[in-house]
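This chain uses plain numbering: 1 for the first residue, then up along the sequence. Side chains are part of it too, since the values below use all heavy atoms of this structure and drop only hydrogens, waters and symmetry mates.
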Amino acid sequence: MGKVDVLLGLQWGDEGKGKIVDVLTPEYDVIARFQGGPNAGHTLEFNGIKHVLHIIPSGIFHEEKKNVIGNGVLIDPYIFAKEIEHLKRRNVDATKNLYISKKAHLILPSHRMLDAANEQAKGSAKIGSTLKGIGPAYTDKIARSGLRVGDILEFDFKEKYELQKFQHVQLSKTLKFDVAKFRIDDMTLEEYENQWFESLETLKAFQLINSEYFLNDCLNKGMKVLAEGAQGSMLDIDFGSYPFVTSSSTVTAGVCTGLGVAPSKIGRVMGITKAYCTRVGAGPFPTELFDNDGEELRQRGNEFGSTTGRPRRCGWIDIPALKYACMLNGVTDLFVTKIDVLNEFDEVKVCEKYTIDGKASEEIPFEFNSVEILPQYNKYKGWKCDLKGTSSFDKLPENLQSYLKTLENLIGVPVKAISISPDRKDVLFR
Ligand code: GDP
Ligand code: IMO
Ligand code: MG
């Protein structure tokens with residue numbers, strides 16, 4: 001019986017999940033996305049070319065592997081069609097090895113408008129959403145009024161669509177949103193809608209399936225499945241810094257509901273963390289830096305959003321947050337990415353505890369958003385050298401080896417591999 005291994009982000013997203021999935025794909029038969037949608041931006045680099053995937057699993061460049069978009073994912077057909085087009089230009093024909101759950105919910109153009117209306121209504125309390133319609137589409141799913149991929153094959157789809165759109169437009173107006181002025185990629189709602197309907201034809205060309213049966217069949221045949229997370233644990237709807245979160249379960253538990261696999265089928269859980277920390281959008285970030293070090297992390301790490309291009313907020317690695325994420329996910333293997341970004345620092349800081357209300361704490365408090373959290377740092381000597389060409393773990397500079405040992409001792413999970421450049425070939429396994 002095969003297992004579902006899980007790979008997910010332990011921070012606020014953008015940990016380098018796409019890259020690691022691509023590197024691990026040869027070991028698996030199936031790669032499956034279980035939550036999130038086009039708010040994700042997963043970057044892969046090989047042969048000098050960079051690809052950014054939003055909805056399509058990061059195993060897609062391996063022709064012989066199956067890729068599944070699970071029921072827990074949200075699909076915007078327009079963005080999906082654009083991604084397919086992009087792949088075609090790179091000679092990747094995804095129609096052969098991409099399977100899509102009929103139960104995955106659709107993001108309607110008016111969901112995107114409602115996302116913008118909600119953010120505008122929140123004013124200074126806005127989440128900093130990617131504005132891809134994630135919150136409103138998951139809201140409709142939970143309210144039992146959403147439309148699913150399988151519905152596009154039904155004769156009354158347009159009718160159901162119009163009803164949904166009407167409600168979204170009414171709600172946007174109630175929120176004092178100027179519907180006529182709303183634009184997506186310079187298109188009015190109606191122009192975008194036309195493109196969206198055209199894109200349904202692209203979607204129909206794919207294998208639309210009951211992915212829970214498909215995946216369990218694969219497992220019964222002894223195949224290995226890798227579940228690819230989007231966002232990160234600190235953006236989880238339940239355990240993240242609510243309300244500054246996304247609207248899905250980004251933790252391991254989300255794999256079971258987002259793919260239809262039983263908890264007993266879960267195998268290893270690989271947690272990805274950067275060697276430092278970033279966040280894009282609003283919300284608490286205890287180790288955020290506003291100084292030169294923060295700017296250096298942003299420039300050296302090229303910390304600008306893969307989906308929105310926004311500059312990412314940067315700071316030192318946060319151990320209490322990582323321990324929390326490992327606890328929630330049952331992480332068995334740690335992957336530390338973007339180590340090279342720290343190459344030139346004289347010293348590297350690690351937040352090992354917080355001080356909250358004058359007391360030392362290692363926990364994420366309920367009042368995460370409102371209470372003052374002072375990070376308690378320990379300093380470690382930098383390794384001060386280029387890591388290019390390093391071929392194995394034991395050839396890493398001593399200071400880096402001891403930094404990694406510190407991380408695994410503090411977090412309590414062994415480091416399985418590290419990444420030292422954006423390229424596929426620069427992952428060192430232990
Ligand atoms: P994801 O959303 O978790 O897949 O991560 P993103 O793709 O949004 O952001 C990670 C960024 O870091 C991308 O631009 C990657 O190309 C880049 N990256 C990944 N691993 C490394 C690494 O080890 N070193 C450096 N310098 N960049 C990396
Ligand atoms: P990947 O998969 C980083 C953030 C947004 C915002 C909040 C809610 O590339 O790691 P949403 O659009 O979901 O309503 O936004 O979550 N966010 C991400 N940040 N990486 C992501 O995905 C993200 N997806 C959403 O910036 O703060
Ligand atoms: Mg990303």
Side-chain angles (χ1 to χ4, degrees), residues 9-19 39-43 45 50 52 124 126-131 231-232 234-235 240-241 244 272-322 325 335-355 368-369 372-388 397 399-400 403-404 406-407 410 418-423 426:
L10 300 176
Q11 299 170 307
W12 279 281
D14 305 326
E15 297 90 349
K17 299 176 290 293
K19 177 198 162 150
N39 49 348
H42 295 181
T43 315
E45 250 185 79
K50 182 170 155 175
V52 183
S124 61
K126 71 175 184 186
I127 310 292
S129 161
T130 60
L131 300 177
Q231 291 79 55
M234 299 306 285
L235 287 169
S241 44
F244 302 101
I272 319 290
T273 173
K274 289 183 193 186
Y276 49 100
C277 193
T278 65
R279 171 162 207 175
V280 61
F285 181 0
T287 62
E288 183 169 12
L289 293 168
F290 301 95
D291 60 3
N292 218 17
D293 285 347
E295 195 48 40
E296 278 193 36
L297 289 174
R298 188 170 306 110
Q299 295 307 328
R300 289 191 187 140
N302 189 25
E303 295 296 355
F304 298 90
S306 315
T307 296
T308 58
R310 291 179 290 178
R312 295 179 184 141
R313 300 157 65 193
C314 297
W316 297 116
I317 198 163
D318 181 336
I319 300 296
L322 283 171
F335 283 66
V336 186
T337 59
K338 304 194 89 161
I339 301 250
D340 54 299
V341 174
L342 301 181
N343 282 353
E344 283 167 52
F345 282 87
D346 293 325
E347 55 187 26
V348 176
K349 289 188 190 170
V350 175
C351 167
E352 302 189 355
K353 279 193 179 87
Y354 300 146
T355 300
F368 202 29
N369 302 325
E372 190 185 23
I373 297 177
L374 300 170
Q376 298 304 311
Y377 291 112
N378 251 333
K379 293 178 192 163
Y380 296 88
K381 270 201 184 128
W383 40 98
K384 303 280 285 177
C385 66
D386 194 348
L387 301 173
K388 232 181 253 152
N399 287 351
L400 173 52
Y403 174 69
L404 294 170
T406 301
L407 294 188
L410 288 168
I418 63 166
S419 169
I420 56 169
S421 100
D423 196 278
D426 288 321

So, for [X] and [Y], which heavy atoms are closest and what is the spacing to 0.1 Å?
| X | Y | value |
| --- | --- | --- |
| K338 | A275 | O-CB, 4.2 Å |
| D318 | P286 | OD2-CG, 3.9 Å |
| D426 | S421 | OD2-OG, 2.6 Å |
| A282 | F244 | O-CB, 3.5 Å |
| L235 | Q231 | CD1-CB, 4.0 Å |
| P422 | E45 | CB-OE2, 3.2 Å |

When rounded to the nearest 0.5 angstrom, what distance separates [atom1] in [X] from [atom2] in [Y]?
| X | Y | atom1 | atom2 | value |
| --- | --- | --- | --- | --- |
| K50 | K19 | NZ | NZ | 12.5 Å |
| L322 | L407 | CG | CG | 8.0 Å |
| Q376 | T355 | CD | OG1 | 3.0 Å |
| T287 | W316 | OG1 | CH2 | 10.0 Å |
| L297 | K274 | CG | NZ | 9.5 Å |
| I317 | T273 | CD1 | OG1 | 4.0 Å |

Practice item. Would you verify whether the NZ or CZ of R300 falls within 45 degrees of the ring axis of Y276 while also being under 6.0 Å from that six-membered ring's centre? Key: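 Negative - R300 is either too far from the ring of Y276 or too far off its axis.
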
Review point. For K379, which residues count as a side-chain contact (heavy atoms from CB on, under 4.5 Å) partner, sequence neighbours excluded?
Key: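 K379: side-chain contact (heavy atoms from CB on, under 4.5 Å) contacts with E347, K349.
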
Taking side chain as C-beta onward, heavy atoms only, is [X] less than 4.5 Å from [Y]?
| X | Y | value |
| --- | --- | --- |
| T406 | N378 | no |
| P284 | R279 | yes |
| L289 | C314 | no |

Check your understanding: Pick one: which of R312, Q299, R310 meets side-chain contact (heavy atoms from CB on, under 4.5 Å) with F304?
Key ->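 Single side-chain contact (heavy atoms from CB on, under 4.5 Å) partner of F304 among R312, Q299, R310: Q299.
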
Practice item. Decide side-chain contact (heavy atoms from CB on, under 4.5 Å) for T278 and R298; before the verdict, give the C-alpha distance in whole Å, the side-chain angles of both, and the deciding distance to 0.1 Å. Key: CA-CA 9 Å; T278 65; R298 188 170 306 110; over 6 Å; no

Exercise for review: Check whether any side-chain N or O of D291 sits under 3.5 Å from a backbone N or O of G294 as a donor-acceptor pair, and report yes or no.
Suggested key: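 Side chain of D291 to backbone of G294, a donor-acceptor pair under 3.5 Å: yes, one is there.
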
Point to revise | Exercise: do E15 and T337 side chains pair donor with acceptor under 3.5 Å | key: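 No.
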
Practice item. Could you tell me which residues satisfy ring-ring contact (aromatic ring centres under 6.0 Å, His included) with F285, sequence neighbours excluded, listed by chain and number? Key: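 F285: ring-ring contact (aromatic ring centres under 6.0 Å, His included) contacts with W12.
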
Check your understanding: What do you reckon, is NZ of K126 surrounded by more than 12 foreign heavy atoms closer than 6.0 Å?
Key ->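 Incorrect, the count does not exceed 12.
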
